[in-house]
Amino acid sequence: GHFQEFFTRYENALDHPTGKIGVWISGFFGSGKSHFLKILSYLLDDREVDGKHAIDYFIEDDKIADSMVLADMKLAADTPADVILFNVDSKGESTGKQDKDAIVSVFLKAFNEMQGFCGAYPHVADLERRLRDGGRLEDYISRFNEINGDSWEEERYAIDFIQDDIVETLSSIGFMSEEAARNWCEKATEPYEISIERFAELVRKYIENKGNDHHVVFLVDEIGQYIGEDTKLMLNLQTVTEDLGTSCSGK
């Protein structure tokens, strides 16, 4: 019944643009919410497990009797999507839960990491995004590795200690002047602010660049426990959901 409800709505959203994209999985402690969420992630991602696609386990074992529900599940599996499954508490910063923008910050971190960008420092992820969009990310990584001796993917988390190498790399590939690169480095570890509207716009642009009816699915575990009685966090989550729905039209 839960599969029917979810995949009927998901299939409708594939055919008809909609802003109503939020799904809340509720149940008592130990009732299987996380398990159900994980199964959805495998199906939506069309994940291969032991040489078989996730949907095949449902088809071959007759787990779903209703052929219409199975057809909706198959369509969902065949639709290209980036599926981002994460535990909101482990992904979030330990000191940032009181921040009114805590939810969107965690979403941004998960979204950046999915693309291979730096999750710990959003400023660094923005630089990587700009380099990628300008077709220079590979040049940057290759040049940085030459200058530093270690890989960018490892060293970017110690940004305080590699600023000189970043400046030299950015200036040597002609992406920034030395002065501009130095100014960027000074701001890279400062507190990062992003509006929910701008985050939704980032997701929208990413989806458009992917093309081919691409979708992004955020599957957030333990969100109810994370929010607790905090109405600010609940409002933050509600606004994230609404803005993603409005900007991305169901994708």
Side-chain angles (χ1 to χ4, degrees), residues 1-27 32-49 51-88 103-104 106-108 110-116 129 133 196-221 223-224 237-251:
H2 294 310
F3 279 110
Q4 180 178 21
E5 185 170 9
F6 176 83
F7 281 103
T8 299
R9 303 289 181 93
Y10 192 85
E11 191 274 333
N12 286 340
L14 297 178
D15 297 329
H16 307 98
T18 178
K20 297 179 179 180
I21 58 159
V23 175
W24 187 274
I25 300 173
S26 62
K33 299 184 297 295
S34 297
H35 187 58
F36 182 61
L37 189 71
K38 192 171 186 178
I39 293 171
L40 290 180
S41 77
Y42 275 62
L43 288 165
L44 294 170
D45 199 25
D46 197 25
R47 183 94 55 96
E48 275 197 38
V49 184
K52 285 198 296 187
H53 289 276
I55 187 69
D56 292 332
Y57 287 94
F58 285 79
I59 295 171
E60 293 173 10
D61 295 351
D62 292 325
K63 286 183 171 70
I64 304 292
D66 192 327
S67 59
M68 292 292 287
V69 176
L70 206 56
D72 288 343
M73 292 168 67
K74 185 79 168 66
L75 181 61
D78 290 341
T79 301
D82 287 305
V83 178
I84 308 170
L85 173 67
F86 61 96
N87 182 305
V88 67
I103 298 288
V104 70
V106 180
F107 270 71
L108 176 66
F111 182 61
N112 283 337
E113 288 179 351
M114 179 273 292
Q115 297 173 77
R129 186 177 290 105
D133 292 347
I196 294 173
E197 185 178 29
R198 182 165 165 263
F199 169 68
E201 189 68 11
L202 277 179
V203 178
R204 183 187 66 80
K205 285 183 179 177
Y206 173 81
I207 289 170
E208 286 181 353
N209 289 336
K210 281 286 188 177
N212 193 29
D213 198 31
H214 197 82
H215 285 63
V216 172
V217 187
F218 293 93
L219 298 172
V220 193
D221 200 12
I223 190 76
L237 175 65
Q238 182 180 336
T239 309
V240 167
T241 308
E242 288 174 353
D243 278 24
L244 283 174
T246 302
S247 292
C248 305
S249 304
K251 291 187 177 179

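Just so you know, these numbers use all the heavy atoms, side chains as well, and skip hydrogens, waters and symmetry mates. This is a predicted model, so every value here is computed, not measured.
Counting heavy atoms from C-beta on, the side chains of V23 and R9 never come closer than 4.5 Å. For the pair F107 and V220, the minimum side-chain heavy-atom distance is below 4.5 Å. Within the 4.5 Å cutoff, the side chain of T241 has no heavy atoms near those of the W24 side chain. In this structure the side chain of N112 reaches within 4.5 angstrom of the side chain of R129, judged on heavy atoms. At a threshold of 4.5 Å between non-hydrogen side-chain atoms, the residues V203 and C248 count as touching. When side chains are defined from C-beta on, K74 does not count as touching L70, because their heavy atoms never get closer than 4.5 Å. Looking at L108 and L202, their side chains come closer than 4.5 Å, going by heavy atoms from C-beta outward. The side-chain heavy atoms of F6 and I25, taken from C-beta on, include no pair separated by under 4.5 Å.
Note: T79 OG1 to L14 CG = 4.5 Å, rounded to the nearest 0.5 Å. One distance of note links OG of S247 with CD1 of I196; it measures 11.0 Å at 0.5 Å rounding. With values rounded to the nearest 0.5 angstrom, K251 atom NZ is found 13.5 Å from T18 atom OG1. The CE atom of M114 sits 6.5 Å away from atom CZ of F218, with the distance rounded to the nearest 0.5 Å. Rounding to the nearest 0.5 angstrom, the gap separating the CG atom in D45 from the CG atom in L219 is 9.5 Å. Atom CG in D133 sits 11.5 Å away from atom OH in Y206 (nearest 0.5 Å).
A donor-acceptor pair is defined here as one N or O able to donate and one able to accept, closer than 3.5 Å; such a pair exists between the side chain of K33 and the backbone of G27. D61 places no side-chain N or O within 3.5 Å of a backbone atom of K63 that could act as its donor or acceptor partner. With hydrogens and angles disregarded, a donor-acceptor distance shorter than 3.5 Å links the side chain of Y57 to the backbone of V49. A donor-acceptor pair under 3.5 Å is absent between the side-chain atoms of T246 and the main chain of D243, judged by distance alone. Looking at Q115, its side chain does come within 3.5 Å of a backbone N or O of F111 through a donor-acceptor pair.
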Q: Any chance you could lay out the side-chain contact (heavy atoms from CB on, under 4.5 Å) test for I103 and I223, step after step, and finish with the verdict?
A: CA-CA 9 Å; I103 298 288; I223 190 76; 3.9 Å; yes
Q: Go through the steps for E201 and R198 under the test salt bridge (Lys or Arg N to Asp or Glu O under 4.0 Å), then give the verdict.
A: CA-CA 5 Å; E201 189 68 11; R198 182 165 165 263; over 6 Å; no
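Heavy-atom contacts from other residues, nucleotides or ligands closer than 6.0 Å to CD of E197 number 12 or fewer. Within a 6.0 Å radius of NZ in K52, other residues, nucleotides and ligands contribute more than 12 heavy atoms.
Ring orientation note: the planes of F7 and F3 are close to parallel, at an angle under 30° on the 30°/60° scale. Below 30°, between 30° and 60°, or above 60°: for Y10 and H215 the angle between ring planes is between 30° and 60°, a tilted geometry.
The two atoms that bring I21 and G245 nearest to each other are CD1-N, 3.6 Å, heavy atoms only. Smallest separation of non-hydrogen atoms from L244 and A200: CD2-CA, 3.9 Å.
Side-chain contact of N209 with H214: a donor-acceptor pair under 3.5 Å is absent, judged by distance alone.
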